[in-house]
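These values consider heavy atoms only, across backbone and side chains, with no hydrogens, waters or symmetry-generated copies. All values reported here derive from a predicted model rather than from experimental measurement. We count residues from 1, following the sequence as given.
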Amino acid sequence: MFADFIAYLADGTNWAGTTGILNRLVQHLYYSGLALGIGAVIAVPLGLVIGHTGKGEGIIVGLANTMRALPSLGLMTLLVLLMSSTLIPPITALVLLAVPPLLAGVYAGIANVDRSAVDAARAMGMTEWQVLWRVEVPNALPLIVGGLRGATLQVVATATIAAFVNLGGLGRYIFDGLALYDYTRVFVGAVLVTALALVLDGLLALVVRLVQPGTGRLALRDPALLAAIDERAPVEAQP
């Protein structure tokens, strides 16, 4: 099967055209990006508000856990039965898969920012909006990008379900191969999806390293705020 897999990839005709690998790859990235974009619109504002205010933590944790337990394929099948659109069911299932890790990453990132930095920013007279965007968000970026990394991995790996409702994407190779008992095609689809997920995961892992506080990039760098933190430290250390 491995030799057939290599031969399939080596055949240039399998890469071109509307059913070629390149077009399927673009379709897969489109479904994944659309689901992640919608998921981010839902999860990021919620995570920022809950992380900053500390209100609604219990509700959001329960909601995120409930959404994680939903079976993507079963949910998509139900939505297909309820509506005529072919795009909305798989995108809805993927959005529900993307929201929990995104929400957890944003919430945990904001909630775990060093309180001395937040208190120093407020002592300088910053508004709550400035505290959020100039202190909390820059320092929370590693966990926020970590949440995006987890969501991307899950969504890209699961976007194969789009082929279940006659859409494109790399899952097309898996479903068509199963229908035709062509297991080489199934293997091609599985390997391509896995490779795509690993490449995107590696790129986001690199981004996580780039936004780590103290590495001189997007971390807390306001000199006045850093001085204010240093001034507060001896005061807070006193009994």
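A side chain to side chain contact (heavy atoms under 4.5 Å, CB included) with His52 holds for exactly one of Val137, Val118, Val131; it is Val131. Partner Val44 forms a side chain to side chain contact (heavy atoms under 4.5 Å, CB included) with one of Val106, Ile144, Leu103, Leu102 and no other, that one being Val106. Of the options Val208, Leu204, Val207, a side chain to side chain contact (heavy atoms under 4.5 Å, CB included) to Leu148 is made by Leu204 and by none of the others.
Salt-bridge annotation for Glu136 and Arg122: absent, with no side-chain N of the basic residue lying under 4.0 Å from a carboxylate O of the acidic one. A salt bridge links Asp176 and Arg172; the closest N-O separation between the charged side-chain nitrogens and carboxylate oxygens is under 4.0 Å.
To the nearest 0.5 Å, atom CG of residue Asp201 and atom OG1 of residue Thr152 are 8.5 Å apart. Atom CG of residue Leu9 and atom CD1 of residue Ile21 lie 5.0 Å apart, to the nearest 0.5 angstrom. We find the CG-OG1 distance between Leu192 and Thr160 to be 12.5 Å, quoted to the nearest 0.5 Å. Interatomic distance, Leu48 CG to Tyr107 OH, rounded to the nearest 0.5 Å: 13.0 Å. Atom CG of Leu143 and atom CD1 of Ile110 lie 9.5 Å apart (nearest 0.5 Å). Tyr173 OH to Tyr8 OH: the interatomic distance, rounded to the nearest 0.5 Å, is 4.5 Å.
The shortest heavy-atom contact between Ala151 and Ala98 is CB-O, 3.7 Å. The two residues Tyr31 and Leu167 have their closest heavy-atom pair at OH-CB, 3.5 Å. Across every non-hydrogen atom of Gln130 and Gly125, the tightest pair is OE1-O, 4.4 Å. Minimum heavy-atom separation, Gly171 to His28: N-ND1, 4.1 Å. Scanning both residues, Val155 and Leu36, for their nearest heavy atoms gives CG2-CD2, 4.0 Å. Residues Gly168 and Ala162 share a closest heavy-atom pair of O-CB, 4.2 Å.
With Asn139 contributing its side chain and Val135 its backbone, the two residues share a donor-acceptor pair below 3.5 Å. Between the Arg115 side chain and the Val113 main chain, a donor and an acceptor come within less than 3.5 Å of each other.
Through ILVMFWY side-chain contacts below 4.5 Å, Val26 is grouped with nothing and stands alone.
Linking ILVMFWY side-chain heavy atoms closer than 4.5 Å, directly or via other members, places Val193 and Leu198 in two distinct hydrophobic clusters. Criterion: ILVMFWY side-chain heavy atoms under 4.5 Å apart, direct or through other members. Under it, Leu153 and Leu25 are not part of a common hydrophobic cluster. Cluster annotation: Tyr181 is connected to Leu178 through the hydrophobic network of ILVMFWY side chains, with a link wherever side-chain heavy atoms come within less than 4.5 Å. One hydrophobic cluster holds both Phe187 and Tyr183 under the rule that ILVMFWY side chains link at heavy-atom gaps under 4.5 Å. In this structure, Trp133 is not a member of the same hydrophobic cluster as Leu141, with clusters built from ILVMFWY side-chain heavy atoms closer than 4.5 Å.
At a threshold of 4.5 Å between non-hydrogen side-chain atoms, the residues Thr158 and Ile161 count as touching.
With sequence neighbours excluded, the residues forming a salt bridge (Lys or Arg N to Asp or Glu O under 4.0 Å) with Arg185 are Asp182, listed by chain and number.
In Tyr30, the OH atom is not crowded: 12 or fewer heavy atoms of neighbouring residues, nucleotides or ligands sit closer than 6.0 Å.
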Checking Arg24 against Gln27 for the side chain to side chain donor-acceptor pair (under 3.5 Å) test, could you report, in this order, the C-alpha distance in whole Å, the side-chain angles of both residues, the deciding distance, and whether it holds?
CA-CA 5 Å; Arg24 296 297 190 204; Gln27 290 172 337; 3.3 Å; yes
